[in-house]
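Below, chains carry the letters A, B, ... as their sequence lines are ordered, and counting in each starts from 1.
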Amino acid sequence: MDKPLYHRIYSVIRLIPPGRVSTYKQVALMEGNCTARQVGYALAALGKDPSVPWQRVINSTGTISARKQGDGAQRQRELLRQEGVVFNRNGRTDLERFGWVSPPIDWAR
DNA sequence: CGGCTGACTCTGG
DNA sequence: TCCAGAGCCAGCC
């Protein structure tokens, strides 16, 4: 398996089930060989690809990270709300309740 | 082969 | 709790 890093990151994100969220940090740990910052970079480079549920990735404090450009953050919150993810009035979600941790990934497959 | 460009997390105050 | 500063790196010109 020697796909580019960003593609492996996208693969991990595709595993997050609807109605649950994961963090940049968690995705990085699942991928196994990158950092949270890079997950953010990968998503920024994603553009609009419907095969990746980018909205299910939020930051470690349970809030939606601001983009430099565009209205992505707004739409992200809307999409998650539609999936049933609840945000309190500070725009924060309870990771204990909605956070998701992947079972071990078998990259050798 | 540089230079530029970002969706982060941690730590200390 | 909130905020600023530091560390950080793959892709695409």
field: Connected-component partners of A:Val85 among ILVMFWY, side-chain separation under 4.5 Å
entry: A:Val21, A:Ile58, A:Ile64, A:Leu80, A:Val86, A:Phe87, A:Leu95, A:Phe98
- request: To the nearest Å, give me how far apart CD1 (A:Ile64) and P (B:dT9) are.
  value: 13 Å
field: Distance (rounded to the nearest 0.5 Å) between A:Asp71 CG and A:Arg77 CZ
entry: 14.5 Å
- prompt: Hey, which of these two, A:Gln26 or A:Tyr41, hits DNA chain B nearer its 5' end, going by closest nucleotide?
  reply: A:Tyr41
- prompt: First contact, last contact: which nucleotides of DNA chain C are these for chain A, 5' to 3', heavy-atom distance under 4.0 Å?
  reply: C:dC2 to C:dG11
message: Any strand counts, and the cut-off is 3.5 Å on both contacts for Watson-Crick or G-U wobble. Which nucleotide pairs with C:dC8?
response: none
- prompt: For residues A:Glu78 and A:Gln82, is any side-chain donor paired with an opposing acceptor at under 3.5 Å?
  reply: yes
First of A:Thr61 and A:Tyr6 reached from the 5' end of DNA chain B, by closest nucleotide: A:Tyr6
query: Quick one: is B:dC8 close enough that its OP1 or OP2 comes under 4.0 Å of any side-chain N or O from A:Ser60?
result: no
task: Take atom NZ of A:Lys68 and atom C1' of B:dG6, then tell me their distance rounded to the nearest Å.
output: 7 Å
- request: State which residue, out of A:Lys3, A:Glu31, A:Arg14, fulfils the side-chain contact (heavy atoms from CB on, under 4.5 Å) condition with A:Ile9.
  value: A:Glu31
- prompt: Do A:Pro53 and A:Ile13 have side-chain heavy atoms sitting under 4.5 Å apart?
  reply: yes
